[in-house]
Amino acid sequence: MVASPSTARQTTDLTLAPARQRVFSGMQPSGNMHLGNYLGAIRNWVRQQDQYENVFCIVDLHVLSQPIAPRTLRQNTIGLASVMLAAGIDPGRSVLFVQSDVREHAELSWMLNAVTQFGELNRMTQFKDKSAGKKDEAVSAVLFSYPVLQAADIILYDTDLVPVGEDQKQHIELARDIAERFNARYGETFVVPKPDIKAEGARIMALDDPSKKMSKSDARPNAAIALEDDIDTIRRKIKRAVTDSGGEVRLAPDKPAVSNLITIYGLLSGDSVAEIEARYAGRGYGDFKADLAEVVVGAIGPIQARLADLHANPEHVRAILADGADRARAIAAAKMGVVRERMGLGAG
Ligand code: ATP
Ligand code: LTN
């Protein structure tokens, strides 16, 4: 749905009161963007661009929760921006910027730590998963306080909706609790955001193990299809993807592997599950997988072509990010002025 011309804002100047609901989302520049990131997040951001006022953030401060070489982080940041632009994020309709270029994110995070409870952070499943089995010395405090920074990212922009994959639901709920608690303690300051999690594609599973989500930080070589994988690699990974017993192409709870492949096929081709099931009835997994590989290549190919142009022109990407940071900073700075006043910070 596109907003009617009378209400549509022709500008992305964020200091003006939004005529449309505001969307904010973020992605970590931790390398190897995969089909799960695309189907669960980026693709929805692109499709909804006309409907909302959009702010998209490359959250480099979040990546510091794991060890990473400075050069790699910088490269990943420009690489992720290029992928987002190649996938269809349009700087004319969306603000695209790097988190650490707008200092207010880190600043607000500190203040929100004051209204966040230790127990809340200790219950976050992402923290539990990522710290599991590691010695205390190997788990940074950043990994623990990570969801507070995420809450700051979101509520700094008076965000209404946060389009994310299923794994982020708990973090968005915490952001809501933090915003509500701040408002109750210091007076109405923040819009309380809602998650926007789609019924399909919000949890794409690993190709080699349908009990695990497709993930960037997975070392297993055949778990994820990277958006930058070449055609032969995509075909090979899909050929090797695990399937379920029975040989039938059918979406069902007892067929998690094939159901995941059908979901990917359906989202990228636009075909319904019923159409896909009917097409492959009695034909087995071989034909289905061969066609799925072509569907994936057909969807990712045009993105990769645009990406090659952007890789050849990193200065163009940097200029878009600098402009995005200026526009984001304008609203973030205004909001921080209010926060400092409400909390009694500074000399006044
Ligand atoms: P990691 O697994 O290393 O934590 P990630 O793959 O989850 O990384 P993020 O940058 O943390 O990547 O996530 C970016 C966006 O992609 C988030 O909105 C997240 O919910 C979504 N996302 C990540 N993995 C999947 C997946 N398997 N299916 C659907 N959406 C996903
Ligand atoms: N934690 C998120 C990335 C993220 C984010 C955000 C997502 C950081 N800040 C704000 C939405 C809104 C993740 O995907 N792992």
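Whatever order the structure lists them in is the order used to number ligands and atoms, beginning at 1.
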>> Students often mix this up, so state it plainly: with edges at 30° and 60°, are the rings of F144 and F118 parallel, tilted or perpendicular?
In response: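 Taking F118 first and then F144, their aromatic rings sit tilted (interplane angle of 30° to 60°).
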> Aromatic rings H105 and F24: how do their planes relate, parallel, tilted or perpendicular, breaks at 30° and 60°?
Replying inline: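 Correct class here is tilted.
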Which ligand 1 atoms are under 4.0 Å away from a heavy-atom of [X]?
X    : answer
Q168 : 20 (O)
G40  : 29 (C), 30 (N)
I204 : 26 (C), 27 (N), 28 (N), 29 (C)

Are [X] and ligand 1 in contact, using a heavy-atom cut-off of under 4.0 Å?
X    : result
K130 : yes
L39  : no
A206 : no

> For ligand 2, which part of M27 has a heavy atom less than 4.0 Å away: the side chain, the backbone, both, or neither?
Replying inline: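 Looking at M27 and ligand 2, no heavy atom falls under 4.0 Å.
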> Is E166 salt-bridged to K169, cutoff N-O under 4.0 Å?
Replying inline: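 K169 and E166: not salt-bridged.
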> Below 4.0 angstrom, N of the basic side chain to O of the carboxylate: do D101 and R103 qualify?
Replying inline: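 Salt bridge flag = no for R103 with D101.
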> Within the structure, does H171 bring an N/O atom to less than 3.5 angstrom of an N/O atom in ligand 2?
Replying inline: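 The answer is no, given that H171 and ligand 2 share no N or O pair closer than 3.5 Å.
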> Would a 4.5 Å heavy-atom cut-off, applied to side chains only, mark V338 and F190 as touching?
Replying inline: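 A side-chain contact is absent here, since even the closest heavy-atom pair is not under 4.5 Å.
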>> Just to be sure I'm reading this right: ignoring hydrogens, which of K213, Q66, K216 gets closest to atom 7 (O) of ligand 1? Compare them by their nearest heavy atoms.
In response: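 Ranked by closest heavy atom to atom 7 (O) of ligand 1, first place is K213.
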> Which protein non-hydrogen atom lies closest to atom 13 (O) of ligand 1, naming both residue and atom, and how far is it?
Replying inline: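 Here the nearest protein heavy atom works out to N37 ND2, 3.7 Å.
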